[in-house]
Amino acid sequence: MSLIDSPATELLQLLKSAEVTAVEVTQAYLDQIARYDGRVKSFLSVGSERALEQAATIDQRRGRGEPLGELAGLPVAVKDVLCTDGWVTSCGSKMLADFVPPYDATVIARLKAADAILIGKTNMDEFAMGGSTENSAFFPTTNPWDVSCTPGGSSGGAAACVAASMAPLSIGSDTGGSIRQPAGFCGVTGLKPTYGRVSRYGLIAFASSLDQVGPLASTAEDAALLLRTIAGHDPLDSTSAPVDQPDYLANIDQPLDGLRLGLVREHFGPGLDDEVGAAVGQAIKEFESRGARVQEISLPHSKYAIATYYVIAPCEASSNLARYDGVHYGYRTDEAAMLADLAEERKQLAAAGDEAGLANLDSPLMRLYRLSRSEGFGPEVKRRIMLGAYALSAGYKDAYYVKALKVRRLIRNDYDAAFRDVDLIVGPTTPTVAFGLGEMVDDPLAMYLQDLYTVSANLAGIAGISVPCGMTSTGLPVGLQLQAPPFQEERLLRAAHMFQQATDWHTKRPTLAAETP
Ligand code: GLN
């Protein structure tokens with residue numbers, strides 16, 4: 001197996017035993033990026049120089065026998081939603097295209113403390129709103145299995161770069177499925193931790209009560225390795241949970257005797273693609289053959305999950321994104337042109353004696369806000385801001401936002417009841433496999449339905465993982481989703497690992513064509 005196709009846990013052993021150097025590993029991934037990322041476009045920026053410098057330093061320190069961090073010399077790609085000190089963090093938006101954070105997100109600080117090598121920032125849907133990475137203000141990412149398809153989203157770049165062996169590990173964020181859905185579409189393993197497990201400090205907020213940061217990797221073991229580094233209580237995030245940190249990796253081989261799996265009746269209904277259903281069915285049989293007991297369960301309120309999510313997430317987004325006004329934060333319109341236009345408009349209105357028009361004319365500040373926001377945000381972000389502002393407005397708040405919060409509680413109650421009978425919940429990650437680029441851009445509702453099986457975990461705050469479990473006749477990966485009660489990531493990873501010990505879907509790699517010069 002070549003270096004870049006080795007799991008991160010194996011690379012780490014090779015690095016520790018000095019069979020390879022951090023520079024060799026980093027260079028191998030940079031070469032792969034140079035060769036193929038012209039087509040996949042998973043990165044918004046690649047930090048080649050600083051990565052190689054950091055790798056050289058680690059090699060020297062290892063040579064001197066100094067103690068090193070637990071990921072020493074392993075490249076990690078990071079979704080461009082996490083603040084990196086001195087390195088542009090655009091969040092996939094023109095609004096933040098020039099934003100250079102003066103600090104590191106806690107997750108980044110932890111990666112640095114573990115001596116991981118930050119190799120690049122990955123592409124994403126603008127402000128993490130979307131399911132295809134086509135809402136990036138810069139360019140769409142493609143699916144390495146078929147470049148005419150999307151990699152999913154919003155962590156499309158983070159999933160695609162792992163699938164295309166451009167990084168052994170990456171970090172994504174998941175508000176309604178943005179780690180699990182792209183992991184499913186790209187044939188990699190992606191974990192959304194329990195709300196509160198991983199610090200959100202320095203994560204650019206989309207919907208603060210739903211957002212979680214998590215690992216993408218080629219195996220459950222690798223995801224466990226990365227989660228161990230990034231998880232843990234953080235006083236800088238008031239929603240970070242002060243709970244014990246198990247060693248996810250040390251216990252991953254422990255068998256799960258008598259595992260009780262719950263199969264959600266509502267996740268096998270209309271809308272589920274036949275081939276996806278068949279692959280998931282096969283995966284469930286695999287669990288049964290390893291001693292798991294499968295029983296059907298019901299999450300009766302899951303039929304309201306999409307509607308609930310698409311009220312709550314936009315409400316929170318409209319509030320979070322109010323700060324980007326061109327004054328406090330973010331892109332600012334061309335002020336000189338704006339003032340000149342305003343003066344011209346005033347002159348014409350005055351010449352026409354239009355008193356009402358003059359009275360209605362924007363103040364310069366209002367015009368600055370309006371233009372900065374309308375030029376800085378893309379169409380999906382604007383749609384969400386409008387949806388959220390409407391649902392929160394006086395007279396509608398109780399009917400939409402408050403009602404959605406009540407349904408959210410019922411969705412969590414469904415899970416609490418289900419987890420009294422089963423240890424994990426199993427089903428498809430998404431209703432279909434990767435769809436074609438451009439196929440859904442004009443149909444936001446169809447795009448929102450992609451999140452049918454994933455949003456409930458965010459609404460309930462529980463943990464979920466997607467692992468590859470099959471391939472369609474057209475050669476696209478199918479994702480299996482496992483969900484666990486709050487803070488049971490260890491159980492989730494052990495089950496995913498058990499599945500990967502018995503199957504080889506996670507070892508499959510796409511055949512990539514380099515860009516023709
Ligand atoms: N696709 C969902 C949305 O557009 C989820 C996004 C996410 O998890 N960040 O909101």
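Just follow the structure's listing: the first ligand is 1, and inside any ligand the first atom is 1. These numbers come from the heavy atoms of this one structure, side chains and all, not from hydrogens, waters or symmetry mates. All residue numbers refer to positions in the sequence shown, counting from 1.
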Look at Arg420 together with Asp416 and state whether they make a salt bridge at an N to O cut-off of under 4.0 Å.
no
Please work out which of the three classes, parallel, tilted or perpendicular, describes the rings of His267 and Tyr453, given edges at 30° and 60°.
tilted
Determine whether a donor-acceptor pair (N or O, by modelled atom type, separation under 3.5 Å) exists between the side chain of Asp211 and the backbone of Phe206.
yes
Check whether any N or O atom of Lys79, backbone or side chain, sits under 3.5 Å from an N or O atom of ligand 1, and answer yes or no.
no
Between Phe185 and Phe435, what is the ring plane arrangement, given parallel below 30°, perpendicular above 60°, and tilted in between?
perpendicular
Heavy-atom proximity to atom 1 (N) of ligand 1, best of Val455, Asp174, Asp451:
Asp451
Do any N/O atoms on Gly153 end up under 3.5 angstrom from N/O atoms on ligand 1?
no
Just wondering, do Trp505 and Val478 contact through their side chains at under 4.5 Å, heavy atoms?
no
State whether the shortest distance between N or O atoms of Met129 and N or O atoms of ligand 1 falls below 3.5 angstrom.
no
Record the part of Tyr310 in heavy-atom contact with ligand 1 below 4.0 Å; permitted values are side chain, backbone, both and neither.
side chain
What atoms of ligand 1 come closer than 4.0 angstrom to any heavy atom of Ala128?
6 (C), 7 (C), 9 (N)
Can you list the atoms of ligand 1 that are under 4.0 Å from a heavy atom of Ser154?
9 (N)
Please could you name the atoms of ligand 1 that Gly130 approaches to less than 4.0 Å, counting only its heavy atoms?
1 (N), 2 (C), 3 (C), 4 (O), 6 (C)
Before signing off on this row, confirm whether Ser173 and ligand 1 have an N or O atom pair separated by under 3.5 Å.
no
Considering non-hydrogen atoms of the protein only, which is the closest contact for atom 7 (C) of ligand 1, and what is the distance?
Ser178 OG, 2.4 Å
When the ring planes of His301 and Tyr304 are compared, do they come out parallel, tilted or perpendicular, using 30° and 60° as the limits?
tilted
Would you say ligand 1 has an N or O under 3.5 Å from any N or O of Gly176?
yes
May I ask you to list the atoms of ligand 1 that are less than 4.0 angstrom from any heavy atom of Tyr309?
2 (C), 3 (C), 5 (C), 6 (C), 10 (O)
Should Met447 be listed as contacting ligand 1, given a heavy-atom distance under 4.0 Å as the test?
no
Per-atom contacts of ligand 1 with Phe206, taking only distances under 4.0 Å to non-hydrogen atoms:
9 (N), 10 (O)
Donor-acceptor pair, Thr219 side chain versus Asp222 backbone, under 3.5 Å?
yes
Can you name the one residue among Thr429, Thr454, Thr189, Asn458 that meets side chain to side chain donor-acceptor pair (under 3.5 Å) with Arg180?
Asn458
Where does the angle between the aromatic ring planes of Phe377 and Tyr324 fall among parallel (under 30°), tilted (30 to 60°) and perpendicular (over 60°)?
perpendicular
